[in-house]
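Not measured: the values here are computed from a predicted model.
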Amino acid sequence: MRKKNKKFLLLLINKLVDGSITKQERDGLFRFFINNQKIDSWPKEFSSAETIERKIFNKIKLELDDKSYKKSHKTIPFFKKKLFKYGIAASFLILVALTFFMNHNDKLNEQPIIVNNNIEIGTDKATLTLENGTVIPLVKGQKYISSNLESTGEGLVYKSTNSNNTSEVLYNYLTIPRGGQFHVILSDGTEVWLNSETQLKYPVAFVEGETRKVELVYGEAYFEVSPSTEHHGMRFKVYHKEQDIEVLGTEFNVKAYKDETNIVTTLVHGKVNVNRRGDLYVLKPNEQSILNLTTNKITLNEIDVYYETSWRSGVFAFKEKSFAEIMKVMSRWYDMDVVFKDKSLEKKNFRGVLGKEQNIEEIMLAIKNSSSIKNYEINNKTIIIE
């Protein structure tokens with residue numbers, strides 16, 4: 001490789017890592033890795049694929065953990081930032097290209113079959129059901145305002161109160177369909193990010209002097225709980241029909257989909273108690289409880305919370321996840337069906353970062369180039385993987 005080209009490519013990788021890369025530069029970098037399949041084309045200065053991958057992941061995690069940014073933009077979901085979207089998409093493309101290059105993938109000549117691609121990128125949308133049964137669609141770009149709440153179409157904010165001083169509790173339901181996501185700020189200031197195919201039940205106002213209670217009916221939600229010290233010591237509980245979680249003021253993620261046999265609780269900050277029919281499990285930061293509904297047993301594991309919570313920041317990050325698990329996540333976000341022609345492919349593992357703003361053809365082409373799948377077909381709202 002010419003010295004001039006080598007220097008330019010090293011510059012692009014550094015720009016990718018520090019977040020200053022442009023879309024044009026990103027595309028050029030991607031094309032280079034795709035078009036140079038001989039191992040002697042690799043400059044030694046690039047180091048190993050694993051080293052570059054770790055740099056990229058560290059950059060992403062640094063962005064996600066930027067507390068000063070979080071405090072100054074508290075009510076705006078992080079996935080709205082364009083620079084971050086570019087960085088994530090670039091990161092994923094590079095990871096894919098590196099994996100492709102290092103494994104001498106020769107499947108690029110097999111073109112995917114696209115027939116009436118009707119698969120759309122997920123977006124902000126939800127259905128709000130009021131205490132009187134009124135159903136209100138919340139759609140990105142449309143505002144809704146009432147006496148005690150306001151929606152921008154991308155989030156829902158309840159007016160702060162000193163807590164309800166009566167015993168009557170009025171509940172709302174927020175339902176997120178497949179292909180949707182939403183952000184809600186409850187009346188006590190607690191923030192909740194809701195993933196696709198999720199339903200949350202919560203009071204319009206919490207009762208003064210009583211534990212603040214919400215119910216995750218099903219799906220996945222990330223909670224940033226307003227501390228009990230700001231509410232006269234009132235604790236916060238998240239109920240599910242199979243378990244409940246008690247917190248004092250913390251951040252955690254709960255995944256409890258109807259079509260999965262595990263309920264997964266991941267603690268990011270603070271401390272929570274997971275209660276399963278009288279059995280109490282205390283979680284520390286970077287710990288996860290997995291309730292197996294088949295065996296009725298709970299196991300605790302130390303994990304990297306980034307991979308479990310990245311969805312709320314505009315990406316899906318996977319570390320040694322099977323294609324079956326990954327495509328289930330993708331099917332919810334893109335509201336599509338997935339068929340594996342070869343069932344053995346369901347167990348193959350994948351590691352990488354997928355941008356939630358990428359269209360499905362970009363996602364599938366990247367997965368094809370980084371794995372051992374032969375090809376795929378998109379037909380209306382169904383993906384068939386070979």
Side-chain angles (χ1 to χ4, degrees), residues 70-80 122-228 230-232 234-240 245 247 249-254 311-314:
K70 187 176 179 181
K71 288 180 180 178
S72 62
H73 298 73
K74 190 165 185 179
T75 62
I76 303 175
F78 193 53
F79 49 74
K80 302 302 176 188
T123 188
D124 301 304
K125 57 183 174 182
T127 298
L128 173 65
T129 304
L130 302 179
E131 63 279 357
N132 61 6
T134 301
V135 177
I136 301 166
L138 303 176
V139 182
K140 187 174 183 178
Q142 296 182 13
K143 291 185 177 182
Y144 173 78
I145 301 175
S146 73
S147 60
N148 61 344
L149 61 89
E150 180 177 350
S151 173
T152 62
E154 299 178 12
L156 185 61
V157 180
Y158 283 80
K159 291 185 178 180
S160 299
T161 65
N162 295 323
S163 296
N164 187 2
N165 56 11
T166 71
S167 59
E168 183 183 11
V169 181
L170 302 178
Y171 288 95
N172 285 179
Y173 287 83
L174 194 60
T175 306
I176 318 303
R178 285 165 63 94
Q181 64 184 9
F182 222 70
H183 174 234
V184 58
I185 302 179
L186 303 180
S187 63
D188 68 335
T190 292
E191 297 191 55
V192 189
W193 286 261
L194 303 172
N195 209 345
S196 303
E197 209 168 16
T198 296
Q199 186 176 82
L200 182 71
K201 176 184 177 182
Y202 53 91
V204 174
F206 295 98
V207 177
E208 186 175 357
E210 295 186 6
T211 299
R212 294 169 288 162
K213 302 175 184 178
V214 302
E215 179 183 356
L216 180 62
V217 182
Y218 58 82
E220 183 171 20
Y222 185 100
F223 292 85
E224 185 174 322
V225 178
S226 180
S228 60
E230 297 181 8
H231 303 281
H232 308 290
M234 294 162 56
R235 298 191 175 192
F236 192 98
K237 281 191 175 183
V238 178
Y239 285 93
H240 181 271
I245 302 167
V247 305
T250 188
E251 295 183 34
F252 60 98
N253 192 85
V254 185
W311 64 267
R312 76 163 183 121
S313 301

Engineer: Any side-chain heavy atom of N148 sitting closer than 4.5 Å to one from S146?
Structural biologist: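 A side-chain contact exists here, since the closest heavy-atom pair is under 4.5 Å.
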Engineer: Give every donor-acceptor pair under 3.5 Å between a side-chain atom in residues 213-221 and any protein atom, sequence neighbours left out.
Structural biologist:
unit_1: E220; atom_1: OE1; unit_2: N195; atom_2: ND2; d: 3.0
unit_1: E220; atom_1: OE2; unit_2: N253; atom_2: ND2; d: 3.0
unit_1: E220; atom_1: OE2; unit_2: W311; atom_2: NE1; d: 3.2

Engineer: Could you work out, with side chain to side chain contact (heavy atoms under 4.5 Å, CB included) as the rule, every residue matching T134, not counting sequence neighbours?
Structural biologist: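 T134: side chain to side chain contact (heavy atoms under 4.5 Å, CB included) contacts with L130, N132, I136.
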Engineer: How long is the gap from OG1 on T127 to CD1 on I176, to the nearest 0.5 Å?
Structural biologist: 8.0 Å
Engineer: Residues two or more places apart in sequence or in another chain: which of them pass side chain to side chain contact (heavy atoms under 4.5 Å, CB included) with E131?
Structural biologist: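 Counting only residues at least two positions away or on another chain, E131 forms a side chain to side chain contact (heavy atoms under 4.5 Å, CB included) with L170, N172, V204.
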Engineer: Should Y222 and E251 count as side-chain neighbours, where that means a heavy-atom distance under 4.5 Å?
Structural biologist: yes
Engineer: So, do P203 and Y158 sit near enough that their side-chain heavy atoms are less than 4.5 Å apart?
Structural biologist: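 Side chain of P203 against side chain of Y158, heavy atoms only: no contact under 4.5 Å found.
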Engineer: Does the pair F182 and S151 meet the rule for a side-chain contact (heavy atoms from CB on, under 4.5 Å), with working shown?
Structural biologist: CA-CA 11 Å; F182 222 70; S151 173; 4.0 Å; yes
Engineer: So, using side chain to side chain contact (heavy atoms under 4.5 Å, CB included) as the criterion, who are the partners of T152 when residues are at least two apart?
Structural biologist: E154
Engineer: Has K159 got a side-chain atom pairing as donor or acceptor with S147's backbone, closer than 3.5 angstrom?
Structural biologist: yes
Engineer: Minimum heavy-atom separation for P177 to A126, with atom names?
Structural biologist: CD-CA, 4.2 Å
Engineer: If the condition is side chain to side chain donor-acceptor pair (under 3.5 Å), which residues does S228 pass it with, not counting sequence neighbours?
Structural biologist: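 Residues passing side chain to side chain donor-acceptor pair (under 3.5 Å) with S228: none at all.
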Engineer: Between atom OG1 of T175 and atom CG of L138, what is the distance when rounded to the nearest 0.5 Å?
Structural biologist: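 It is 10.0 Å, given to the nearest 0.5 Å.
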Engineer: Going by the rule ring-ring contact (aromatic ring centres under 6.0 Å, His included), which residues pair with F223 if we only count those two or more places apart in sequence or in a different chain?
Structural biologist: F252
Engineer: Compare every heavy atom of S196 with every heavy atom of G179, then report the nearest pair and how far apart it is.
Structural biologist: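 Here G179 and S196 meet closest at N-OG, 3.9 Å.
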Engineer: Looking at G133, is its backbone amide N or carbonyl O close enough to the side chain of T129 to form a donor-acceptor pair, meaning the two atoms are under 3.5 Å apart?
Structural biologist: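 Not at all, since once roles are kept as given, no pair shorter than 3.5 Å links the two residues.
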Engineer: Distance check, rounded to the nearest 0.5 Å: K140 atom NZ versus K125 atom NZ?
Structural biologist: 11.5 Å
Engineer: Please name the pair of heavy atoms, one in S187 and one in A205, separated by the smallest distance, quoted to 0.1 Å.
Structural biologist: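 Heavy atoms only, the tightest pair is OG-CA, 3.6 Å.
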Engineer: Please enumerate all residues that pass ring-ring contact (aromatic ring centres under 6.0 Å, His included) together with Y173, with sequence neighbours excluded.
Structural biologist: none
Engineer: Measuring from Q142:CD to D124:CG, what's the distance to the nearest 0.5 Å?
Structural biologist: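 Rounded to the nearest 0.5 Å, the CD-CG separation comes to 12.5 Å.
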Engineer: Suppose we screen for side chain to side chain donor-acceptor pair (under 3.5 Å). Which residues come up paired with T211, at least two apart in sequence or across chains?
Structural biologist: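 Result, side chain to side chain donor-acceptor pair (under 3.5 Å) vs T211: none returned.
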Engineer: List for me each residue that meets side chain to side chain contact (heavy atoms under 4.5 Å, CB included) alongside T190, sequence neighbours excluded, and say none if there are none.
Structural biologist: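 Partners of T190 by the side chain to side chain contact (heavy atoms under 4.5 Å, CB included) criterion, ordered by chain and then number, come out as L186, D188, V192, R212, V225, S226, F236.
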